[in-house]
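A, B, ... follow the sequence lines: proteins, then strands. Residue 1 opens every chain. Heavy-atom basis, side chains included; hydrogens, waters and symmetry copies ignored.
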There are 2 protein chains.
Amino acid sequence: MADVAEKAGVSRALVSIVFRNQPGASQETRERVLRVADEIGYRPDSAARLLARGRSRTLGVMFTVHQTFHTDLIAGIYPEAERLGYDVLLSAAAYGRSEEKAIEALLGHRCEAVILLGPDAESAYLDELGHRTVTVSVSRRVPHARVDFVHSAEGKGVRQAMDHLVELGHRRIVHIDGGRGPGSAERRRAYRAAMRRHGLESDVRVIPGAHTEESGIETGRLLLAERDRGRPLPTAVLAGNDRCAMGLLMTLTRAGVEVPRDVSVVGYDDSHLSHLMPIGLTTVRQDAVLMAEHAVRFAVDRLEDRGLEPREAVLDPKLVVRGTSGPAPREPA
Amino acid sequence: MADVAEKAGVSRALVSIVFRNQPGASQETRERVLRVADEIGYRPDSAARLLARGRSRTLGVMFTVHQTFHTDLIAGIYPEAERLGYDVLLSAAAYGRSEEKAIEALLGHRCEAVILLGPDAESAYLDELGHRTVTVSVSRRVPHARVDFVHSAEGKGVRQAMDHLVELGHRRIVHIDGGRGPGSAERRRAYRAAMRRHGLESDVRVIPGAHTEESGIETGRLLLAERDRGRPLPTAVLAGNDRCAMGLLMTLTRAGVEVPRDVSVVGYDDSHLSHLMPIGLTTVRQDAVLMAEHAVRFAVDRLEDRGLEPREAVLDPKLVVRGTSGPAPREPA
DNA sequence: TACTCGGACTAGAGCGCTCTAGTAGAGCGC
DNA sequence: GCGCTCTACTAGAGCGCTCTAGTCCGAGTA
């Protein structure tokens, strides 16, 4: 920086002004400084800048490698953060790298706020974190913790999906549970409620699972094995999320079960996988971009006005009917 | 830090020593300092640390959101970097966020080296980058650029896959090209060479595609349409990567084409998707963990010894035979 | 002319660390 | 006692910026 200042014949302070795009420098000088900087290959050191400024204007994002929906969210976080003048730092949790570790890394880099995508850490930890920094949780409700919360109205989404299936004549609708996955408790509850509302209480069946392809595959195998033992297949399955639906779909199709002729499958998330299937997955869309924007906005709002309390955004999901849901097969009389 | 020093009754320098785990402090003092720090909630500011140290000991990783293989790589990068005492910063390229932007963000955060996962930027830019910082490219060869290069021996992988298929009796083996995707030029070349070597020159067919599910779906539709017009299906398809194979697989299965009875499908990458399919995708494994370790090691080696020239690591891929490849169907005489 | 005012620019402190050079004191041999 | 070394510790400069509190100068005003 000193080199640039000298070579451009100005003070370091002026260079700083130019690089921060602040008033106080003539157009002429601005151009000269930028030109010199470019020649020298100078690029402001964000560490020093950050140190001097006292604020980092950086948002940390913790996500889980392999969660396709997270990557959709990340793609939405960047532009919104940029629009608001914030930098984004990513830190991944992975096998062998706990969420806590990923979060601590962000904190060490002086992120002013952390946005957690579907965190799985303990409530107590998250609450403590929320007291230490502005924290936003996406998808996962963290009861009694000082964190903002962005999610979609799981209940509404499930209800739409269930109404759709019932309208198509389905009665034996099975739900594959998302286990500890974000939102699954709400989805499970909504599934039960919808079944009850449609007078299908006796057909309620929740199969324990997870938000992974494996879970869908296993459930598929389970259902097929049951069929071979005489128990009829359900006519429709409401999967825990798209990945699970994918796994199920592959297993069923592979076994000669035609979707949606024999079984209808509905997913959840509308992650980019869903449009990719040849006939398209009927699923409940969570608008990743909108969720990302809310998360960023919540974080920034609380950074700029420390008095603000954490908020909750509930976004309306929307059933997207594609090819994997159809009329219920006629019951063998 | 000053607070900690005062409360522990030592100098700031001593606190620094303790936190850097350096010799020069008694066990007793160490414990006292750490205890006080914990009470106060002190956590070293990495910006200041970085500034003072002159080195950031941070590796920047650029990846593309949605590329499943990249997430596999990331999972491998973290532990190796940690082992060598380096921090990792992630920056994603996404729709609306160019690779250059992602890379510049890393540089702005004073990453000492950047590891680019399957970069798609122009050679000239990457070369310039390579002259500015230690740069490692994974999967994508960047000719004439000053960058380390880690990849798998595409040729060997393809050859293994082709030998496998030919051994199973296949002759009409089609290759779906990966377009501009990393490694695809080599794979295409190796496919042609293998066909020639097996005396199948007249059956060579490369269908333009990309490393995406869409591409597989489109190719599937194309092949099915051709079949309907009288041209027989190929008996085997070597896809550009796993995602492409997935798309193809779904399309074919959906249309009643049985895999591998009617058509064999081979992927490339062995990304975590492949084990997840119910019958398992026959694919060429690129060992993500090993590649990640090499990439990190290359970066760190060149950081610690500036005289080192960029190197190239060619890892041997390995054909993993699973369920999607089988004997060629008997030709309708 | 004397003044104010605002735009362009500068000096220098300070951000929270690390690191070099140094001190103080204990332990040792002679 | 002396010098020596070794360990435990400290003072203070400096990392590359930002920011506050200025200075300087020319145009506008009375």
Side-chain angles (χ1 to χ4, degrees), chain A residues 1-38 40-58 85-87 104-105 107-112 132-133, chain B residues 1-38 40-58 85-87 104-105 107-112 132-133:
Chain A
M1 183 176 192
D3 297 347
V4 176
E6 193 181 349
K7 220 175 163 192
V10 295
S11 69
R12 296 181 309 113
L14 224 259
V15 176
S16 170
I17 286 173
V18 170
F19 269 89
R20 278 175 295 137
N21 239 321
Q22 287 230 332
S26 66
Q27 197 51 40
E28 196 189 342
T29 317
R30 242 169 244 282
E31 278 164 21
R32 187 156 32 91
V33 168
L34 288 175
R35 191 161 31 74
V36 171
D38 199 48
I40 294 189
Y42 164 82
R43 137 193 343 269
D45 180 333
S46 68
R49 171 173 268 184
L50 198 155
L51 182 57
R53 190 158 43 189
R55 285 199 53 184
S56 68
R57 294 194 73 87
T58 298
Y86 280 77
D87 242 11
E104 295 300 324
L107 261 30
H109 282 280
R110 278 297 187 261
C111 288
E112 299 183 36
R132 215 160 53 184
T133 18
Chain B
M1 183 178 191
D3 297 347
V4 176
E6 191 180 350
K7 219 174 163 192
V10 295
S11 69
R12 294 180 311 113
L14 223 258
V15 176
S16 171
I17 286 174
V18 170
F19 268 90
R20 279 174 296 138
N21 239 319
Q22 287 229 333
S26 65
Q27 197 51 40
E28 193 190 345
T29 317
R30 242 169 246 283
E31 278 162 22
R32 186 155 33 93
V33 168
L34 289 175
R35 190 160 32 74
V36 170
D38 199 48
I40 295 191
Y42 165 82
R43 139 194 343 270
D45 179 336
S46 69
R49 169 174 272 183
L50 195 155
L51 181 59
R53 186 158 45 190
R55 285 199 55 184
S56 68
R57 293 194 76 86
T58 298
Y86 281 76
D87 241 12
E104 295 301 325
L107 260 32
H109 282 280
R110 279 293 187 265
C111 288
E112 298 183 36
R132 217 160 53 185
T133 17

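- For the pair B/I17 CD1 and D/dT7 C1', the computed distance is 11 Å after rounding to whole Å.
- Each of B/G54 and B/T29 was matched to the nucleotide of DNA chain D holding its nearest heavy atom; the match closer to the 5' end belongs to B/T29.
- Among the atoms of the strands shown, only primed sugar atoms or phosphate atoms (P, OP1, OP2) are found under 4.0 Å from some heavy atom of A/V10.
- When every heavy atom of B/P23 is checked against every heavy atom of B/R30, the shortest pair comes out as CA-NH2, 3.9 Å.
- Closest non-hydrogen pair, B/C111 versus B/T133, comes out as O-CG2, 4.2 Å.
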For DNA chain C, the dot-bracket pattern of Watson-Crick and G-U pairs whose distances stay under 3.5 Å, | for other-strand partners: ||||||||||||||||||||||||||||||
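- The line from CG of A/L14 to CZ of A/F19 is 12.0 Å long, rounded to the nearest 0.5 Å.
- Each of B/P44 and A/L14 was assigned the nucleotide of DNA chain C with the nearest heavy atom; the assignment lying further toward the 5' end belongs to A/L14.
- The pair B/E104-A/R43 meets the salt-bridge criterion, with a side-chain N (NZ, NE, NH1 or NH2) lying under 4.0 Å from an Asp/Glu carboxylate O.
- Listed for the B/R32 side chain is no donor-acceptor partner under 3.5 Å among the backbone atoms of B/E28.
- Between A/M1 and A/D45 the shortest side-chain heavy-atom distance does not fall below 4.5 Å.
- Bounding nucleotides for the chain B contact on DNA chain C, 5' to 3', at a heavy-atom distance below 4.0 Å, are C/dG16 to C/dC19.
- Nucleic acid contact for B/A25: sugar-phosphate only, since backbone atoms but no base atoms lie under 4.0 Å from a heavy atom of the residue.
- Between the side chains of A/R20 and A/S16, at least one donor N or O lies within less than 3.5 Å of an accepting N or O.
- Ionic pairing of B/E112 and B/R57 is not present here: no N-O contact between side-chain nitrogen and carboxylate oxygen is shorter than 4.0 angstrom.
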